[in-house]
Colleague: 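Pasting a structure below so you can have a look.
Just so it is clear, the model here is predicted, and its values are computed rather than measured.
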Amino acid sequence: MLLVDQRGHGASTRLPNDLSRDAFVGDIVAVLEELVPGQRAVLFGQSMGAHTAFLVAVARPDLVKGLVMLEGHVKGSDDPGEAAQLGRYFASWPVPFENKPRRESSSAGTRSSMPGWQTSN
């Protein structure tokens with residue numbers, strides 16, 4: 001089992017330059033090709049991860065054996081402004097958070113969307 005922190009999530013790059021769908025898909029494809037070459041994987045995804053899993057399956061069906069998608073849907077958006085808005089949201093967070101209380105106060109009501117963020121405390 002592999003666990004991938006998507007761009008801007010978990011222990012990944014905090015301020016990614018590219019937040020396009022293609023970038024998220026490319027990251028997963030690169031991980032699969034590097035770590036399980038020649039094998040098809042069952043992708044699990046929650047929320048945006050589910051959407052990314054679906055897009056990987058569409059783009060590279062040769063790499064995907066099955067999907068488990070939670071709280072996600074296939075539609076997404078083609079609006080490039082949404083990627084820019086997401087980038088501004090990530091950029092608004094202090095990097096790194098100096099402690100858990102600072103992280104929680106910085107989340108401005110979105111704390112539930114980032115419970116796994118690691119802090120130095």
Side-chain angles (χ1 to χ4, degrees):
M1 179 181 299
L2 303 172
L3 176 63
V4 178
D5 287 335
Q6 292 193 89
R7 294 167 177 252
H9 294 79
S12 73
T13 302
R14 295 283 194 232
L15 301 172
N17 291 326
D18 187 354
L19 293 168
S20 69
R21 290 181 189 187
D22 288 341
F24 282 91
V25 170
D27 291 343
I28 301 305
V29 167
V31 167
L32 294 174
E33 289 179 336
E34 176 73 22
L35 299 177
V36 290
Q39 297 181 46
R40 295 175 72 213
V42 176
L43 303 181
F44 290 72
Q46 187 264 332
S47 189
M48 190 168 76
H51 185 73
T52 300
F54 174 78
L55 294 175
V56 170
V58 169
R60 292 294 305 274
D62 59 305
L63 297 177
V64 180
K65 183 177 181 178
L67 295 171
V68 177
M69 299 177 12
L70 305 168
E71 301 176 328
H73 61 85
V74 298
K75 184 169 182 327
S77 171
D78 290 329
D79 179 3
E82 287 189 22
Q85 181 180 9
L86 184 59
R88 287 189 298 275
Y89 178 63
F90 288 145
S92 73
W93 296 345
V95 180
F97 295 109
E98 60 266 13
N99 56 44
K100 187 174 180 178
R102 178 69 173 121
R103 179 202 68 176
E104 290 173 355
S105 69
S106 296
S107 63
T110 60
R111 185 173 144 205
S112 63
S113 69
M114 46 183 201
W117 276 59
Q118 297 177 3
T119 64
S120 59
N121 187 1

Colleague: For S12, what residues pass the side-chain contact (heavy atoms from CB on, under 4.5 Å) criterion, not counting sequence neighbours?
Modeller: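 For S12 the side-chain contact (heavy atoms from CB on, under 4.5 Å) partners, ignoring immediate neighbours, are D5.
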Colleague: So if you build clusters from Ile, Leu, Val, Met, Phe, Trp, Tyr with side-chain heavy-atom gaps below 4.5 Å, do L67 and L55 land together?
Modeller: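 Yes; L55 is reachable from L67 via cluster members.
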Colleague: Considering only distance and modelled atom types, tabulate donor-acceptor pairs under 3.5 Å from the side chains of residues 24-42, sequence neighbours left out.
Modeller:
unit_1, atom_1, unit_2, atom_2, d
D27, OD1, R7, NH2, 3.0
D27, OD2, R7, NE, 2.5
E33, OE2, R60, NH1, 2.8
E33, OE2, R60, NH2, 3.2
R40, NE, V64, O, 3.3
R40, NH2, V64, O, 2.6

Colleague: Is it the case that atom CG in D62 sees more than 12 heavy atoms from other parts of the structure closer than 6.0 Å?
Modeller: yes
Colleague: Should V4 and V68 be counted in the same cluster of Ile, Leu, Val, Met, Phe, Trp and Tyr side chains packed under 4.5 Å apart?
Modeller: no
Colleague: Same cluster or not: are L43 and L70 linked, directly or through other Ile, Leu, Val, Met, Phe, Trp or Tyr residues, by side-chain heavy atoms under 4.5 angstrom apart?
Modeller: no
Colleague: Any idea which heavy atoms bring P16 and G8 closest together, and the distance?
Modeller: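 In terms of heavy atoms, the two residues are closest at CG-N, 3.9 Å.
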Colleague: Under the rule for side chain to side chain donor-acceptor pair (under 3.5 Å), what residues qualify as partners of D22, not counting sequence neighbours?
Modeller: none
Colleague: For L3, which fellow cluster members are found when Ile, Leu, Val, Met, Phe, Trp and Tyr are connected by side-chain heavy-atom distances below 4.5 angstrom, either directly or through intermediates?
Modeller: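 The other cluster members (ILVMFWY side chains, heavy atoms under 4.5 Å, direct or chained): none.
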